[in-house]
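Side-chain atoms are counted along with the backbone in the values below, which use heavy atoms only and exclude waters and symmetry mates. Note that the structure is a prediction, hence the values are computed from the model and not measured.
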Amino acid sequence: MNADVAVENTSAIALWNDPTAPVSARVDALIDAMTLEEKTAQLFGVWVGASDEGGEVAPHQHEMEEPVDLDALLPAGLGQLTRPFGTVPVDPALGALSLARTQARIAATNRFGIPALAHDECLAGFAAWGATAYPVPLSWGAAFDPALVREMAEAIGRDMRSVGVHQGLAPVLDVVRDARWGRVEETIGEDPYLVGTIGTAYVQGLESAGIVATLKHFAGYSASRAGRNLAPTSMGPRERADVLLPPFEMAIREGGARSVMNAYTDTDGVPSAADEALLTGLLRDTWDFDGTVVADYFAIAFLKTLHGVAADWADAAGTALRAGIDVELPNVKTYGAPLTEAVADGRVPEALVDRAVRRVLTQKVALGLLDPDWNPLPAALDATDEDDPSALRGRIDLDGPANRALARTLAEQAIVLLSNDGTLPLDRPRRIALIGPNADEPTAVLGCYSFPQHIGVRHPDTPLGIELPTLRETLAAEFPDAEITYARGTGVDDGDLSGLAEATRLAREADVTLVVLGDRAGLFGQGTSGEGCDVATLALPGAQQQLLDALLDVETPVVTVLLAGRPYALGRAVGESAAIVQSFFPGEEGTRAIAGVLAGRVNPSGRLPVSVPRGPGSQPGAYLGAPLAHASEVSSIDPTPAFAFGHGLSYTRFEWTDLAVEAQEAPTDGEFALSLTVCNTGKRSGTEVVQLYLHDPVASVVQPVQRLIGYSRLALEPREARRLRITIPADLASFTGRDGRRVVEPGELELRLSASSADPRLTARVTLTGAERHVDHTRRLHATILQEQTT
């Protein structure tokens, strides 16, 4: 169809608006009718903030971009609206109306009536004012409970869709390689199988609610040198293939993720945003991904300004488009006029534009945005709401009782009891000394992508929008008969020692001391954890270790509580603290969960998703290391952790017995079958987490000493026992061989049934027989673990 011909058709609906036609036919017809400028307009976003009065959104003025003229852009159309709720505080109902009015304008202004796709952050809940702040992803990993994470993600997705958002920029599937990296709080852990299974569950939940899940950051962002943000990565192809890529592979194959976001980093000189082998060769040609690849914010421009692989904006656009990035975010910089001009003068083939716009429009068609009955008003509003916007304020509740209950359950399951000499649970203490910078700080439970910490800090006069009880408040409710004395002691990172004398005085006068330490989440150096808040060592920030040591010098038992975004070395506390409770930014219900653990109302069941280091300078020190990565007699640095990956204690005891192996041998295309019994031998109900590790003692390339290949949570009543039946396909022993292909090799293996990576309880020695066997992305990814009640 000639683009100059009007698209109106009075006798029949346009093909692209016909929901009965095949999606591909609708998209092809639309592309044929579009001008080059109309096509490129679908390939970028505009960063906006919704209006708290219900009017149209306003372009966000960002220091890295020139102001955007919406009036000039909209006649050609618009691909995306960037973070309408996650830019400024806005009442959810008025924000929904603001977004709806803007969508109506966008559709009415372009020739084809195409609205924008609206995206927002949802790393630990919908990043909107008044929305539930769930535990951060590191806590998801600590819970070892994919089903619960899926339930949470579905709730987040429903809230987002109810106000008109289509796409969520989550989950983060980066595997922790160095805990000094500031974004550790955003990750799920240091093991690819844990990251993959929990991340896939999150994707499934978000997608089931109709939200396009966006996997990030593809690939290698967390493997940067020295844990620095946006730094080069030094990984080889095998580390990338066996450690960093499997979570993305699983989330695409089993989660149905419809979008991927590139990583900022460059690997061996090739930026991810320019890596055609990664974004097209692997992602699309090998894994068959058919969704959209969106740029991490400003990543295409960075090809010119940071990486130096593009001469100008047009060159950056052509490089990214050729590599496989379909959408430029957050604003138009390179995919607008520079790209249009480069196509017009022959520097960039128009076929690359058509390829990207076909993916974008396919997604919009699938979301119903081109259907004739599309309505810009989301489900939470109706047509009458436009008449009196002021009456909408408070209409939509994004933090209802069901959300808070879910947030509390996840927070409870994610708390890890690292050590305990019997002091916990506290038995009706008369006097509690509550000490520390995070003991009476409402936002100490929040990560850097929560709305209050990400956006709210720039609007100090705006209320938080959610209830955030401090630990001081929840302890008072949990222990109503106790006298609780409080001293800050020191700040999170100010180094102030002036409060130590008062803190130690209160400790001497108490029956037990609770010292609450950890992080303050922030962005780009404004916090001790979060994006751009990398650290040189894993020592506690500021003077917190001095405070902790001073309290340990007092005879009163000290219970150390961490509210943090990464693991820290705790020095003397590892051996001298009466108990250590680790929580990774547990969200708005986190302090209630911690108080419940301290009182014994909650039996802790969390397990470490990252190792806790013994010393502050022994990084990187993830458990997933080859023999040379572990302690040896030829190095004075011992990376052995104080508490290993997978570790966590309970207030009850579990006994593992009766390991049975059906056959000691299986072919390289076969499987093994194991069974064991786990019994709660204590006096109260509790949850054990059975972890299955694989050790390959002889392989053609160096392997990790062990790696997680399965796990299962068992909730057991006192004296209750369950029989676990585990089927382990040989595919789980595969790795990337010397020729770059994934291989299952014959030979002996150890299957370790463990309470943590450092605590094997039962070991099965088995053998794979037959010839080497090559496998690909269609291989089996999981062991099957079935729980049977015993008599």
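Between Asp638 and Arg614 there is no salt bridge, since none of the side-chain N atoms of the basic residue sits less than 4.0 Å from a carboxylate O of the acidic one. Look at Arg779 and Glu249 and you find a salt bridge, because one of the NZ, NE, NH1 or NH2 atoms lies within 4.0 Å of a carboxylate O, short of that distance. With respect to Asp242 and Arg707, no salt bridge is recorded, no charged nitrogen being found less than 4.0 Å from a carboxylate O. Ionic pairing of Asp731 and Arg742 is not present here: no N-O contact between side-chain nitrogen and carboxylate oxygen is shorter than 4.0 angstrom. A salt bridge links Arg404 with Glu588: the closest approach of a Lys/Arg side-chain nitrogen to an acidic carboxylate oxygen falls below 4.0 angstrom. Salt-bridge annotation for Glu717 and Arg684: absent, with no side-chain N of the basic residue lying under 4.0 Å from a carboxylate O of the acidic one.
Counting heavy atoms of neighbouring residues, nucleotides and ligands inside a 6.0 Å radius, atom CD of Glu483 exceeds 12 of them. By the neighbour-count criterion of 12 heavy atoms within 6.0 Å, atom CD of Glu662 is sparsely surrounded, having that number or fewer from other residues, nucleotides or ligands.
The side chain to side chain donor-acceptor pair (under 3.5 Å) with Ser650 is formed by just one residue from the set Thr687, Asn603, Asn680; it is Asn603. Under the side-chain contact (heavy atoms from CB on, under 4.5 Å) test applied with Glu412, the options Val602, Ile594, Val597 reduce to a single match, Val602.
Here the side chain of Arg566 pairs no donor or acceptor atom with the backbone of Val184 at under 3.5 angstrom. No donor-acceptor distance shorter than 3.5 angstrom exists from the side chain of Arg773 to the backbone of Ser734, with no hydrogens or angles considered. Although no hydrogens or angles enter the test, the distance criterion places a donor-acceptor pair under 3.5 Å between the side chain of Glu190 and the main chain of Tyr623.
Between Val661 and Val766 the shortest side-chain heavy-atom distance falls below 4.5 Å. Leu563 is listed as a side-chain neighbour of Pro586, based on a closest heavy-atom distance under 4.5 Å. Looking at heavy atoms from C-beta onward, Thr591 lies in side-chain contact with Val445 at the 4.5 angstrom threshold. Side-chain contact between Ile432 and Asp511: absent, with no pair of heavy atoms (C-beta onward) separated by less than 4.5 Å. With a 4.5 Å cut-off on side-chain heavy atoms, Val678 and Thr657 do not count as touching. Using a 4.5 Å heavy-atom cutoff, the side chains of Phe585 and Leu446 are not in contact. Put simply, the side chain of Tyr711 reaches to within 4.5 Å of the side chain of Leu194, judged on heavy atoms. Between Asp191 and Val176 there is no side-chain heavy-atom pair separated by less than 4.5 Å.
No side-chain donor-acceptor contact under 3.5 Å links Tyr651 and Asn420. Counted by atom type alone, Glu750 and Thr763 present zero donor-acceptor pairs between their side chains at under 3.5 Å. Judged purely by distance below 3.5 Å, without hydrogens or angles, the side chains of Glu254 and His782 pair a donor atom with an acceptor atom. Counting only N and O atoms by type, the side chains of Glu745 and Ser700 include a donor and acceptor under 3.5 Å apart. Ser712 and Gln787 form a side-chain donor-acceptor contact under 3.5 Å, judged by distance and modelled atom types alone. Between the side chains of Ser139 and Tyr134, no donor-acceptor pair of N or O atoms lies under 3.5 Å. Side-chain contact of Thr560 with Ser577: a donor-acceptor pair under 3.5 Å is present, judged by distance alone. Side-chain N/O atoms of Asp759 and Ser754 include no donor and acceptor closer than 3.5 Å. For the 3.5 Å distance criterion, the side chains of Arg719 and Thr681 fail to qualify, holding no donor opposite an acceptor.
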Next on the checklist: Assess the residue pair Glu788 and Arg723 against the criterion (salt bridge (Lys or Arg N to Asp or Glu O under 4.0 Å)); give the C-alpha distance rounded to whole Å, side-chain angles, the decisive distance to 0.1 Å, and a yes or no.
Outcome noted: CA-CA 5 Å; Glu788 297 178 356; Arg723 188 77 177 163; over 6 Å; no
Next on the checklist: Quick one, Arg177 with Ser222, criterion side chain to side chain donor-acceptor pair (under 3.5 Å). Give me CA distance, side-chain angles, the key distance, then yes/no.
Outcome noted: CA-CA 6 Å; Arg177 304 301 283 163; Ser222 59; over 6 Å; no
Next on the checklist: Could you go through Arg722 and Gln789, starting from their C-alpha distance and side-chain angles, then the distance that decides it, and tell me whether this counts as side chain to side chain donor-acceptor pair (under 3.5 Å)?
Outcome noted: CA-CA 5 Å; Arg722 298 238 185 99; Gln789 198 76 38; 3.3 Å; yes
Next on the checklist: Arg607 vs Ser756, test: side chain to side chain donor-acceptor pair (under 3.5 Å). Steps then yes/no.
Outcome noted: CA-CA 8 Å; Arg607 301 294 185 266; Ser756 80; over 6 Å; no
Next on the checklist: Set out, in order, the CA-CA distance, both residues' side-chain angles and the distance that settles side chain to side chain contact (heavy atoms under 4.5 Å, CB included) for Leu540 and Leu570, then state yes or no.
Outcome noted: CA-CA 7 Å; Leu540 283 164; Leu570 301 174; 4.1 Å; yes
Checklist entry - Passes side chain to side chain donor-acceptor pair (under 3.5 Å), Ser529 versus Glu185? Steps please. => result CA-CA 7 Å; Ser529 173; Glu185 64 173 70; 2.6 Å; yes
Next on the checklist: side chain to side chain contact (heavy atoms under 4.5 Å, CB included) for Val581 and Leu562? Distances and angles first, verdict last.
Outcome noted: CA-CA 6 Å; Val581 176; Leu562 283 305; over 6 Å; no
Item to check | CA sep, side-chain torsions, deciding dist, call: Val610, Leu138, side chain to side chain contact (heavy atoms under 4.5 Å, CB included) | outcome: CA-CA 8 Å; Val610 286; Leu138 203 56; 4.0 Å; yes
Checklist entry - Is there a side chain to side chain contact (heavy atoms under 4.5 Å, CB included) between Trp656 and Leu753 once you walk through the steps? => result CA-CA 9 Å; Trp656 303 28; Leu753 294 150; 4.1 Å; yes
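Within the model, atoms CG of Asp145 and CD of Gln413 stand 4.5 Å from one another, a figure rounded to the nearest 0.5 Å. Between Leu475 atom CG and Leu426 atom CG the span is 8.5 Å, to the nearest 0.5 Å. Atoms CD1 and CD1, on Ile726 and Ile709 in that order, are 9.0 Å from each other to the nearest 0.5 Å. To the nearest 0.5 Å, the span separating CG on Leu551 from CG on Asp549 amounts to 9.0 Å. From Arg752, atom CZ reaches atom CD of Gln691 across 13.0 Å, with rounding to the nearest 0.5 Å. Annotation: the span from Arg183 atom CZ to Leu123 atom CG amounts to 8.0 Å, rounded to 0.5 Å.
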Could you go through residues 147-158 and list every donor-acceptor pair under 3.5 Å that involves a side-chain atom there, pairing it with any protein atom two or more places apart or in another chain?
none

Output side-chain donor-acceptor pairs under 3.5 Å for residues 641-649, partner residues at least two apart or in another chain, one line each.
residue : atom : partner : partner atom : Å
His647  : NE2  : Leu418  : O            : 2.8

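The minimum heavy-atom distance linking Thr474 with Pro469 is given by the pair CG2-CB, 3.8 Å.
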